Number of protein chains: 2
Amino acid sequence: MQHRKLATIEDVAAIAGVSIATVSRAINEPTKVADETRRRVAEAVARTGYTTNAMARSLRMRRSNMILILAPDVGDPNFSNILVGLETEASKRGYGVLIGNTQNDPAREADYLRFINSNQADGLILLTGHLPYGIGAAGSAMRLPPMVAVNEPVSNSDVPFVGVDNFEGARIAAEHLIAQGHRRIAFIGHSTSKAVNKLREQGYRAALSGAGLAIDPLLILDGDGTTESGRAATEHMFVRDVLPTAFLCVNDATALGVIISLTARKYDLPRDFSVMGFDDISFASFVTPSLTTMKQPRHRIGEGAMDLLLALLAGETPANTEVLLRSELIVRNSVGAPRRA
Amino acid sequence: MQHRKLATIEDVAAIAGVSIATVSRAINEPTKVADETRRRVAEAVARTGYTTNAMARSLRMRRSNMILILAPDVGDPNFSNILVGLETEASKRGYGVLIGNTQNDPAREADYLRFINSNQADGLILLTGHLPYGIGAAGSAMRLPPMVAVNEPVSNSDVPFVGVDNFEGARIAAEHLIAQGHRRIAFIGHSTSKAVNKLREQGYRAALSGAGLAIDPLLILDGDGTTESGRAATEHMFVRDVLPTAFLCVNDATALGVIISLTARKYDLPRDFSVMGFDDISFASFVTPSLTTMKQPRHRIGEGAMDLLLALLAGETPANTEVLLRSELIVRNSVGAPRRA
DNA sequence: GTGAAAGCGCTAACAT
DNA sequence: ATGTTAGCGCTTTCAC
C-alpha cells in the first residue's frame, strides 16, 4: 500500500467509465450530474481512495485555500487561544493555516510575503499591529492581499480589525473597583504610543467621571505593559508618597509587577491595596493573590477574525470594518474593599 | 501596482530575450548558465518583480516545501516554544509551516492528512503522541510521509523522536531533593500507560537507589499529570497518614495541585514540605512559593525536531532515531531542607 | 448531462 | 550553454 502511486482524477474517470470533466463536476458541483453517474463516481472514488490534488487545483483556480498568519511571537500566551480560534474556524471552512513567526524582524516579515506572492496563501491575518515590511511601500509590485488585523489594530490604515473592546472593558473594570468602595484609583500603563493603552485609560477615565470622581493626574502613571513597568510605577508612587487604594493596570503583566512590588513591601493584598489586571492570561489565577481581571474572549476573537477574512475573500464587503468583542469580568482575590473607606 | 497581473516566467524570458528554460535554470541552477545571461535574467526579474509561482512548481516537482504540524492543542503552554523552535528552523531552511490543531479528534487528524496526500506538505511533525487516525490502518491507501515525533514519542513505532531526557531529568530532580537532606521523597504521577510518567518515575527510583535509599511503595502515588491529580494524591496521603518530606511531581501542573492542597492545609512551604515539578511551564515562577523544577529546552527541541525531519526529507538516514536533550534544574523557592532532618 | 480540449506556470528530459 | 517540449492534475469553456 505504502508507495502505490496516488490515484488521480483520470483513474477515477476510467473506473467510473466517464470523462475527467464529469468526475470533477460530480465532486465540485454534484447537482450538475445525473444521480446514477454521481453514484458511479462516488464508488470509484471510494475504491481508489482518491483525494483531489490541491496543488493542481490551486494552480488552476489561482487560489490555495490557505491563510497566512503573521505573529511576532507564536508562543506568546496572549496569542495562543487566538491562534486556536483562527485555526478552528479556518479548518471548519476548508482552509489551512500557515504560520509566520516574525519576531518583529522586518526581513522575516518581508520574506513571508512570498507566500502571498506565489498564491500559496489567499489572505493574511496580522497579529503584529502593523503592515508587514515591504507591503505598503509605494512602487512595490506587491499586491495587497485581503487581510484583517487581530488583537492590535494597524494604525493609519483601513485594515479591518477584530479585537476586544478595550474602552468598555476598562470602564467595567474601574466600575468594579468603584463599586467596592474605592475612590482613589490609580491607572498604571499610560502611554502616548500604544493604542490599546490609550483606550483602556479612556475607559478608566470614563468610569471615574461617570461616578463623579475627580481624575487625579498623579494617579495616572506611565507603563509599557511589562511586569517591570508595573513594579517601577508602584515604587515611584511610594517615593512620591502619593498612594491610591486600588491599582487598575493596563494588563495582567503590569498587575503582576504591582503585586510583586506591594508584596515585597509586606503589604497584605487585598486588605491593604486592591489590584486589577486586564487580559486574564494564564498565570492570572496562579499569582497570590489570584488576579481579578477582564478576560479577553480570545477563542472568539480568533474565530471572528477568520470569519471576517473569509468573507472578504468571498468578495463580500462586511458592514463592520471593526468588530469589538466584550471582555468578561473575572472576580478573584486581588480586589477588596478599601481599608479606610 | 496593486492589481497588475503577476509576472510569470514567460514575461521574464521575453524581457531577457531567452527561453523560459533558461530563466528557470538561472534561478534554480545558476552555475549552469552563462554569466551574461544570468545577469540579464536577474535584471528582468527585478524589473518585473517576478516570484516563482510556488503552486506550479510544487505541482511539477511533487513537493511543496511545507511541513505539517499536528498538535492536540496549539495553545498549550507546553507546546508554545516548541512551535517557535519548529517554525524558526523551518523558516531558516526555506520551509513553511502548516498547523493542524487536532483536539485529539480522530476525524480532524484524518482530515489533515489531505495536506500530505495532495503534496501540500512534504513531512509531518507529531506532537500528538500517536499516529494520526487513518495513517496506520492496514489497507489504507495512505502513504507514510517522513515524520518525527516531538515531546511525546509514538509508542510501538519506529517514528524518530526528539524530546527531553525524562529519565535523566527526573533523576537530577530527585538528587537535588536528596542533596537538600530529604530521605522520604514521594513521587506523584505514577502511571502504567504514559511513557513520560514511567520514565520520570524510573529516574526517581534510580536516584533513590543510587543514594542507598529504600523505595517505599506507599510514597509512589498515581497521577495523570493534571493539577487535580496532584491535589487528590496529596489528600490521599493525609488520609492514609503516610507523609514524605518532599514531593517530586511528574510535572508542574501536578506540583501545583500538591501546593494547593498543602497551602489549604495551612502548611508553610518550603518549611514544612518541599515540592518539585518538571517542565518549567510559564506559571511556575508565579506560584507561591515559586516552583523549583526542571526546565525543558523547548526551543531547541523544536529546532532539533525540524532539523531531523528535514534531514529525513533530504533522504539522509540519521544515526540517531531518538534525540534526547537535557533538562535544566531551575532552583526557586519550593524546596528547602526537611523540617526534621 | 456529458465529453474534448485548452491551459494554469513551472521543471526536466532531450535535443542542439 | 541554451532552446523545445512534454507533462504535473486539475477546472472550465465550448460543443454536442
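Hydrogens, waters and symmetry mates are skipped; everything else that's a heavy atom, side chains included, is used. Keep in mind it's a predicted model, so treat the numbers as computed, not measured. Just so it is clear: chains get the letters A, B, ... in the order the sequence lines come, proteins before strands, and each one is counted from 1.
- Contact check on Arg38(B) versus Asp35(B) returns a salt bridge, with a Lys/Arg side-chain nitrogen under 4.0 Å from an Asp/Glu carboxylate oxygen.
- Residue Thr37(B) is classed as a sugar-phosphate contact, given heavy-atom separations below 4.0 Å to backbone atoms only.
- If you check the side chains of Gln120(A) and Ser118(A), you find a donor sitting under 3.5 Å from an acceptor.
- A salt bridge does not link Glu43(A) to Arg40(A): none of the charged nitrogens lies less than 4.0 Å from a carboxylate oxygen.
- A distance-only check finds no donor-acceptor pair linking the side chain of Glu109(B) to the backbone of Thr102(B) [under 3.5 Å].
- For the residue pair Asn101(B) / Arg108(B), no side-chain donor-acceptor distance below 3.5 Å is found, with atom types taken as modelled.
- A distance of 8.5 Å separates CD1 in Ile20(B) from OG1 in Thr8(B), rounded to the nearest 0.5 Å.
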### Message
If you apply the rule salt bridge (Lys or Arg N to Asp or Glu O under 4.0 Å), what do you find for Arg39(B) with Glu36(B), and how did you get there?
### Response
CA-CA 5 Å; Arg39(B) 201 193 52 69; Glu36(B) 166 60 10; 3.3 Å; yes
### Task
Determine, for nucleotides 6-16 of chain D in 5'-to-3' order, which nucleotides have protein heavy atoms under 4.0 Å from the base (write B), from only the sugar-phosphate (write S), or from neither (write -).
BBBBBBBB---
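- One side chain, Asn78(B) or Arg298(B), offers a donor N or O that lies under 3.5 Å from an acceptor on the other.
- Nearest heavy atoms, Val196(B) versus Glu152(B): CG2-CG, 4.4 Å.
- Put simply, chain A comes within 4.0 Å of DNA chain C, heavy atom to any atom, from dG1(C) to dG9(C), going 5' to 3'.
- Recorded end-axis angle for the helix from dG1(C)-dC16(D) to dT16(C)-dA1(D) stands at 40°, based on five pairs per end and rounded to 10 degrees.
- Under a 4.0 Å N-O distance rule, the pair Arg300(B)/Glu303(B) does not qualify as a salt bridge.
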